[in-house]
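Counting starts at 1 for both ligands and their atoms, following the listed order.
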Amino acid sequence: LVRLRARLARSQNALGRGLLSLLSRDNLDEDTWEEIEDLLITSDIGVAPTQELVERLRERVRVLGTRTPEELRGLLREELLTLIGPELDRTVNTAGGITEQGEERPSVILVVGVNGTGKTTTTGKLARVLVADGNAVVLGAADTFRAAAADQLETWGKRVGARTVRGPEGGDPASVAFDAVKEGITEAADVVLVDTAGRLHTKASLMDELGKVKRVVEKHGPVSEVLLVLDATTGQNGLVQARVFAEVVDVTGIALTKLDGTAKGGIVIAVQRELGVPVKLVGLGEGADDLAPFEPEAFVDALLE
Ligand code: GDP
């Protein structure tokens, strides 16, 4: 975790350093506040949250009267945390249930998102974390459109000790997802992770595909979690994609990938606000260990390091 924090801090450095240097100016005049606003906006926080933050910060600075850079840093830290929502429940739901036939049913987690965002990788990394925590995991390779996605997932499965259920290439994703959950029930697994296809031609086709996967899987019982994988480097584009997915399925959590590759960590705030669901996981690299639970305090500290 220390290593992950260090990596996050490195990528976010520019923002933190910029903010702190502005706040340590002798005179916090109108221009300086504008520069602070600009900096926050370029970090992808979004215009409205930035304005809220700066307004609150200015008001607090005004009330406080004198202030040291340390005090200002403290205030900024608090305001950023408030925007991120330290109170939100960010646990990935691994609670299963009971089938209509009275059998124990594993937790079913659908992993959704546009191709290339890191869906399969995140599914593999999450499987690794869950297996390390003592869960028996089954993987469903329901991304039957991207050639190699099922192979990629199966490789992860072998690596972490999880069985992979797959179908023919180009086959019906919903049927693979259904079979994976069935396998999970038969094997008395704790968690079934379903990697879905993310072809975003039109909302209608996505709805057809993803909506069907969810409906079919739900024949076994409710889905515990729909994790939307979002690439942090895609900025506003990513937000548009996120909105489309959220209209098609009830997203319950966000996995924000490639945070190691951007200084635009503000996207955490923007996407939570856009979808009204918490960021639960962050991807900080391509390696097997580079998935971490999202911790608001550690995140803000890395931002302001
Ligand atoms: P999918 O099409 O959404 O399933 O995407 P993949 O899982 O195949 O990932 C696409 C690329 O992004 C691969 O090269 C991954 O190694 C890379 N990737 C995934 N997550 C991260 C991350 O958190 N950081 C970095 N730097 N690369 C990542």
* Could you tell me whether some N/O pair between T122 and ligand 1 is separated by less than 3.5 angstrom? => no
* To do: Enumerate the atoms of ligand 1 whose separation from the nearest heavy atom of Q152 is less than 4.0 angstrom.
  => 6 (P), 7 (O), 8 (O)
* Is a side-chain N or O of D133 found less than 3.5 angstrom from the main chain of N135, in a donor-acceptor match? -> no
* Answer yes or no for D290: is there a heavy-atom contact with ligand 1 below 4.0 Å? => no
* Could you see which bit of D143 sits under 4.0 Å from ligand 1, with heavy atoms only: side chain, backbone, both or neither? => neither
* Asked: Which protein heavy atom lies closest to atom 18 (N) of ligand 1, and at what distance to 0.1 Å?
  -> K258 CE, 3.9 Å
* **Where ligand 1 meets G283 - atom numbers and elements under 4.0 angstrom, heavy-atom basis** => 23 (O)
* Structure fact -> Closest to atom 6 (P) of ligand 1 among protein heavy atoms sits T121 OG1, 3.4 Å
* Pair K280 + D89, salt bridge at N-O below 4.0 Å -> no
* Asked: Are E218 and K214 within salt-bridge range, i.e. N to O under 4.0 Å?
  -> yes
* G285: heavy atom below 4.0 Å from ligand 1, yes or no? -> yes
* Structure fact -> Within the 4.0 Å heavy-atom cut-off, what L284 brings close to ligand 1 is backbone
* Asked: Is the shortest side-chain N to carboxylate O distance from E295 to R90 below 4.0 Å?
  -> no
* To do: Taking only heavy atoms of K125 into account, list the atoms of ligand 1 that are under 4.0 Å away from them.
  => 20 (N), 23 (O)
* Just heavy atoms, cut-off under 4.0 Å: does D260 contact ligand 1 by side chain, backbone, both, or neither? -> side chain
* Asked: Considering distance alone, does some N or O of T120 sit under 3.5 Å from an N or O of ligand 1?
  -> yes
* Shortest protein contact, atom 16 (O) of ligand 1 (heavy atom only) -> E286 OE1, 2.5 Å
* To do: For atom 3 (O) of ligand 1, grab the closest protein heavy atom and report residue, atom and distance to one decimal in Å.
  => K119 N, 2.7 Å
* Asked: Nearest heavy-atom pair of A177 and V217: which atoms, and what distance?
  -> CB-CG2, 3.5 Å
* Go through ligand 1 atom by atom and flag the ones less than 4.0 Å from a non-hydrogen atom of V114. => 3 (O)
* Would you call D151 and R166 a salt bridge, using N to O less than 4.0 angstrom? -> yes
* Is it true that E30 and R58 have a side-chain N and a carboxylate O under 4.0 angstrom from each other? -> yes
* **ligand 1 contacted by G116 (non-hydrogen, < 4.0 Å)** => yes
* To do: Look at the side chain of D190 and the backbone N and O of P106, then say whether any donor-acceptor pair between them is shorter than 3.5 Å.
  => no
* Taking all atoms of both residues into account, what is the closest heavy-atom pair of L259 and G265, and its distance? -> CD2-CA, 4.1 Å
* Qualifying residue for side-chain contact (heavy atoms from CB on, under 4.5 Å) with L230, from V271, L275, T117 -> V271
* Are any of the side-chain nitrogens in D143 or K119 under 4.0 Å away from the carboxylate oxygens of its partner? -> yes
* Structure fact -> ligand 1 atoms nearer than 4.0 angstrom to some heavy atom of G118 are 1 (P), 3 (O), 5 (O), 6 (P), 7 (O), 9 (O), 19 (C)
